[in-house]
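Remarks on the structure that follows.
Nothing here was measured: the structure is a model prediction, and the numbers come from that model. These values consider heavy atoms only, across backbone and side chains, with no hydrogens, waters or symmetry-generated copies.
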There are 2 protein chains.
Amino acid sequence: MSKQKKVKQLNPSLSVDCAIFGFDGSELKLLLIERSVESCTKKLLTLPGDLIFDGEDLDTAASRVLKELTGLKNIFMKQVRAFGDPKRLKKREDQAWLRSIRAKPEERVVTIAYYSLVNMNDYTPKPSSFAQSARWVNLDKSTDLAFDHQEIAFAAFDQLKINLKNHPIGFNLLPVKFTFSDLQKLYEVILGRTLDKRNFRRKMLKLKLVEPLNEKEEEGVPHKRSQLFQFNTSNYVLLLENGFDNFGF
Amino acid sequence: MSKQKKVKQLNPSLSVDCAIFGFDGSELKLLLIERSVESCTKKLLTLPGDLIFDGEDLDTAASRVLKELTGLKNIFMKQVRAFGDPKRLKKREDQAWLRSIRAKPEERVVTIAYYSLVNMNDYTPKPSSFAQSARWVNLDKSTDLAFDHQEIAFAAFDQLKINLKNHPIGFNLLPVKFTFSDLQKLYEVILGRTLDKRNFRRKMLKLKLVEPLNEKEEEGVPHKRSQLFQFNTSNYVLLLENGFDNFGF
DNA sequence: TTTACAGTGTGTCCAAATGACACTTAGACA
DNA sequence: TGTCTAAGTGTCATTTGGACACACTGTAAA
């Protein structure tokens with residue numbers, strides 16, 4: 001009765017990749033790591049991702065890999081979809097990296113992509129494992145990713161935009177107390193266009209997802225101090241479950 | 001130089017499963033196959049699905065597997081997502097079947113689910129391979145599926161409903177020429193509720209997706225003969241690409 | 001030939017939602 | 001005291017959504 005089977009073994013055909021979007025109040029960023037290639041000075045810029053273990057649950061694997069590479073934990077991620085193009089890892093420089101670290105670098109790997117949204121200020125990435133660095137990169141500058149990670153990032157962002165319209169997503173991106181401007185900026189960044197202040201307020205309040213606090217924080221700003229809001233958790237949960245139809249800005 | 005690598009080899013960790021929805025003019029059906037278990041009289045009722053080959057593209061694999069098991073070909077399928085729960089194939093009766101056919105029946109298999117919509121009348125399933133039978137089953141009677149196929153079918157149906165609201169989906173379900181009633185019935189079946197005839201017509205015509213033909217077909221119906229419509233292909237393609245916001249009934 | 005039947009096809013009204021638009025106010029600072 | 005910055009607020013015209021009822025056409029049966 002060997003315990004051989006209990007030993008964790010990487011499955012050479014399966015990986016997860018995580019597209020973590022962060023918001024700092026004005027710009028949308030993507031969490032990327034660098035992987036160095038032995039024979040080359042250039043580093044690969046990629047999403048955090050790695051092979052998963054035999055018998056490891058997909059969601060669990062995504063959380064584990066993200067934590068191993070970037071130190072981020074307790075982040076709720078949602079699956080985007082699987083990417084399995086046989087050529088997805090076949091570029092020259094990608095193969096160089098794979099040969100330096102994988103038992104079977106030639107193997108086709110199907111990767112399950114995940115995405116999430118976090119408040120950048122709450123999470124400071126700390127690279128480890130084969131991640132040389134882990135940092136937030138402006139979404140519009142996140143180009144030249146290795147493997148098919150550009151495609152994965154786009155797909156994840158599309159998913160984000162779609163879900164933004166049907167779910168009260170994006171609230172994890174803001175601090176507990178926030179202003180209406182914060183909220184609106186977030187929506188503008190994700191949707192990629194400006195919104196009318198009054199119309200935005202009207203719609204958002206109708207949903208009853210946010211409620212005013214008795215605080216007018218922000219000391220020392222060179223303008224009128226703004227009302228602070230928080231999320232109404234009970235309505236939030238309710239809408240999370242049901243989605244909601246009319247949320248088009 | 002052995003050609004070993006060129007030999008197609010099944011990957012024991014990867015499969016595809018296809019949720020094919022069919023419409024016969026009044027009810028929504030799901031295409032299911034039966035798999036017989038050697039030691040048992042009871043058959044497993046499942047979605048068409050099987051392991052994929054090393055290096056085989058996912059979309060290609062889905063088409064191949066569907067054809068092998070049911071004879072259906074040239075069906076455009078869309079990926080739902082991956083299912084990889086380590087326990088997804090561990091039920092007693094599921095294991096019995098797997099032991100009879102798989103080299104590694106204990107192995108955790110990640111399956112990539114696909115879905116599609118077809119006009120039932122255009123496709124008559126012909127079982128082959130390990131499919132004992134292949135037939136259309138009423139969606140509400142498609143219960144008691146083996147493995148985690150019930151969950152997959154639900155997820156695929158959810159996807160269908162969501163896409164119905166944002167894309168001109170469901171048109172593959174109808175014959176080239178169709179009446180407004182046909183179209184409306186389709187929507188009612190998928191959405192699971194009745195719609196107002198006049199409002200439906202108004203909205204649908206605004207999209208300019210359908211256009212009237214100079215034919216009032218249907219001979220010998222015990223009522224006024226109805227106008228036939230067809231899809232406006234150019235607008236159809238346009239909307240397929242962009243999706244469209246206002247399609248909520 | 002008359003009648004019953006079944007599904008087609010059409011218009012209006014009201015309520016709600018949407019989008020466009022501009023000025024006053026609070027607070028900081030020079 | 002004036003200037004700057006962002007906050008905060010209301011109206012109107014248009015579009016959209018849902019609710020609602022009756023006459024028409026062709027068939028079949030009495």
Gap between atoms [atom1] and [atom2], on [X] and [N] respectively (whole Å):
| X | N | atom1 | atom2 | result |
| --- | --- | --- | --- | --- |
| B:R201 | C:dG7 | CZ | P | 15 Å |
| B:L205 | C:dG9 | CG | C1' | 12 Å |
| B:R202 | D:dG17 | CZ | P | 8 Å |
| B:N199 | D:dT15 | CG | P | 18 Å |
| A:K197 | C:dT24 | NZ | C1' | 11 Å |
| A:L191 | C:dG19 | CG | P | 12 Å |
| A:Q227 | C:dT25 | CD | P | 19 Å |
| A:R198 | C:dA17 | CZ | P | 19 Å |

Do any N or O atoms of the protein come closer than 3.5 Å to N or O atoms of nucleotides 23-28 of chain D, and which pairs are they?
unit_1, atom_1, unit_2, atom_2, d
D:dT25, O2, B:K224, N, 2.9
D:dG26, N2, B:P222, O, 2.8

### Summary
By side-chain hydrogen bond (donor to acceptor under 3.5 Å, both in side chains), B:T143 pairs with (sequence neighbours left out) none
### Task
State which residues pass side-chain hydrogen bond (donor to acceptor under 3.5 Å, both in side chains) with B:Q159; sequence neighbours excluded, sorted by chain then number.
none
### Task
Would you please classify the geometry between the B:F200 ring and the B:F180 ring as parallel, tilted or perpendicular, with 30° and 60° separating the classes?
perpendicular
### Task
Specify the angle, to 10°, made by the local axes at the two ends of the helix from C:dA15-D:dT16 to C:dA30-D:dT1 when five pairs are taken at each end.
20°
#### Entry: A:S226 side chain, from C-beta outward: closest of D:dA7, D:dG17, D:dC20
D:dA7
### Task
Please state whether the phosphate of D:dA7, meaning OP1 or OP2, lies under 4.0 angstrom from any side-chain nitrogen or oxygen of A:K185.
no
### Task
Indicate whether OP1 or OP2 belonging to C:dT8 is found under 4.0 Å from a side-chain N or O atom of B:S181.
yes
### Task
Applying salt bridge (charged side-chain N to carboxylate O under 4.0 Å, His left out), name anything that partners B:R135, two or more places apart in sequence or on another chain.
B:E34
### Residues forming a salt bridge (charged side-chain N to carboxylate O under 4.0 Å, His left out) with B:R88, sequence neighbours excluded
B:D17, B:D148
### Query
Please, which pairs that meet salt bridge (charged side-chain N to carboxylate O under 4.0 Å, His left out) have at least one residue in residues 59-76 of chain B, sequence neighbours excluded?
B:E56-B:R64, B:R64-B:E68
#### Entry: side chain to side chain contact (heavy atoms under 4.5 Å, CB included) partners for B:T46, two or more places apart
B:I33, B:R35, B:L44, B:A146, B:F147, B:H149
### Message
Using the side chain to side chain contact (heavy atoms under 4.5 Å, CB included) criterion, which residues pair with A:I162? Sequence neighbours excluded.
### Response
A:N166
### Query
Thinking salt bridges, do B:E188 and B:R193 make one under a 4.0 Å N-O criterion?
no
